[in-house]
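Letters A, B, ... mirror the listed sequences (proteins, then strands); counts begin at 1.
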Amino acid sequence: MTALFDPTFWLRDPVAVARDLIGWELLVNGVGGRIVETEAYHQEDPASHSFSGPTPRNRVMFGPPAHVYVYRSYGVHWCMNLVCGPEGDGAAVLIRALQPTHGLEIMAERRGLADPRGLCSGPGKLCQALAVTREHDGLSAADAPFELRPGHATEIISGPRIGITKAAEKPWRFGEAGSPYVSRPFPKA
DNA sequence: CCAGTGATTCTCT
DNA sequence: GAGAATCACTGGC
């Protein structure tokens, strides 16, 4: 398993890591699917939580790569990131959507929804479907309850990130082309 | 189909 | 005290 957490993958720029994570498999306690949508954030990025330096909330972003940063969004949802880059860089990749492959029934129950397209098609939705909460903040993605395995996508597209007001023009959102499981369609090139 | 909006809690200024 | 890396629901066309 350690081989999958090769520094040459995780120590790179979050934009490269975000793009290359598309197609990977992510499970929590055996429930999850293929990553089909991500966004990159780094410390020089005004839209990033790490922009103004370490705080109690974002401290995990400044820790070792391949660890999980979880935060509360809009007081209602949880959102999950994978830290990348050298320790102290404050870079991470937001996991925005999965194509459900494992534990569909459990996810449907947690989400109160049967349609697979609605189970993990957004950062808040997938955390609810996978039961990710503050308890997972700071854990290593290499250890239980996580399973993270390399995969690939047929074609990767990019576009502006969602829901931010600063640096909104940066095309640091990535997704699998044509996937019906992304949170929203990508703007046409 | 699309735009608008309330919910709800935490963070940092 | 404002604003937030969202979601679900509503009402209009």
Validation: residues 108-122 of chain A side-chain donor-acceptor distances under 3.5 Å, sequence neighbours left out:
from: A/Arg110; atom 1: NH1; to: A/Ala129; atom 2: O; distance (Å): 2.8
from: A/Arg111; atom 1: NE; to: A/Gly118; atom 2: O; distance (Å): 3.4
from: A/Arg111; atom 1: NE; to: A/Leu119; atom 2: O; distance (Å): 3.1
from: A/Arg111; atom 1: NH1; to: A/Gln128; atom 2: OE1; distance (Å): 2.7
from: A/Arg111; atom 1: NH2; to: A/Gly118; atom 2: O; distance (Å): 2.9
from: A/Asp115; atom 1: OD1; to: A/Arg117; atom 2: N; distance (Å): 2.9
from: A/Asp115; atom 1: OD1; to: A/Arg117; atom 2: NE; distance (Å): 3.3
from: A/Asp115; atom 1: OD2; to: A/Arg117; atom 2: NE; distance (Å): 3.3
from: A/Asp115; atom 1: OD2; to: A/Arg117; atom 2: NH2; distance (Å): 3.0
from: A/Ser121; atom 1: OG; to: A/Arg117; atom 2: O; distance (Å): 2.8
from: A/Ser121; atom 1: OG; to: A/Lys125; atom 2: NZ; distance (Å): 3.2

Side-chain donor/acceptor pairs under 3.5 Å, residues 85-98 of chain A, sequence neighbours excluded:
from: A/Arg96; atom 1: NE; to: A/Glu37; atom 2: OE2; distance (Å): 2.7
from: A/Arg96; atom 1: NH2; to: A/Ser183; atom 2: OG; distance (Å): 3.0

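Annotation: side chain to side chain donor-acceptor pair (under 3.5 Å) contacts of A/Thr8 (sequence neighbours excluded): A/Asp6. Applying the ring pair (Phe, Tyr, Trp, His ring centres under 6.0 Å) criterion to A/Tyr74, with sequence neighbours excluded, gives no partner residue. For A/His42, the ring pair (Phe, Tyr, Trp, His ring centres under 6.0 Å) partners are A/Trp172, not counting sequence neighbours. Evaluation of the salt bridge (charged side-chain N to carboxylate O under 4.0 Å, His left out) rule for A/Asp20 yields A/Arg12 as partners, not counting sequence neighbours. Scored by the ring pair (Phe, Tyr, Trp, His ring centres under 6.0 Å) test, A/His102 finds no partners at all (sequence neighbours excluded).
The residue A/Ile164 sits close only to the backbone: its heavy atoms come under 4.0 Å of sugar-phosphate atoms, none of a base. Heavy atoms of A/Thr165 sit under 4.0 angstrom from primed sugar atoms or phosphate atoms, though from no base atom. Within the 4.0 angstrom heavy-atom criterion, no nucleotide atom of any strand lies near A/Arg173.
Within the structure, the side chain to side chain donor-acceptor pair (under 3.5 Å) test picks out the following pairs touching residues 47-61 of chain A (sequence neighbours left out): A/Ser48-A/Ser50, A/His49-A/Tyr69, A/Thr55-A/Asn58. Under the ring-ring contact (aromatic ring centres under 6.0 Å, His included) criterion, the residue pairs touching residues 118-141 of chain A are A/His136-A/Phe146, with sequence neighbours excluded.
Interface limits on DNA chain C: the 5'-most and 3'-most nucleotides within less than 4.0 Å of chain A heavy atoms are C/dA4 to C/dA8.
Stacking of A/Arg72 on the aromatic ring of A/Trp78 is recorded, both the 6.0 Å distance cut-off and the 45° axial limit being met.
Secondary structure note: stems in DNA chain B built from 3 or more consecutive Watson-Crick or G-U wobble pairs under 3.5 Å occupy B:1-7 with C:6-12, B:9-12 with C:1-4.
Both A/Gly124 and A/Lys166 lie close to DNA chain C; mapped to their nearest nucleotides by heavy-atom distance, the more 5′-ward contact belongs to A/Lys166.
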Reading 5' to 3' through nucleotides 7-13 of chain B, protein heavy-atom contacts under 4.0 Å coded B for base, S for sugar-phosphate only, - for none: BBB-SS-
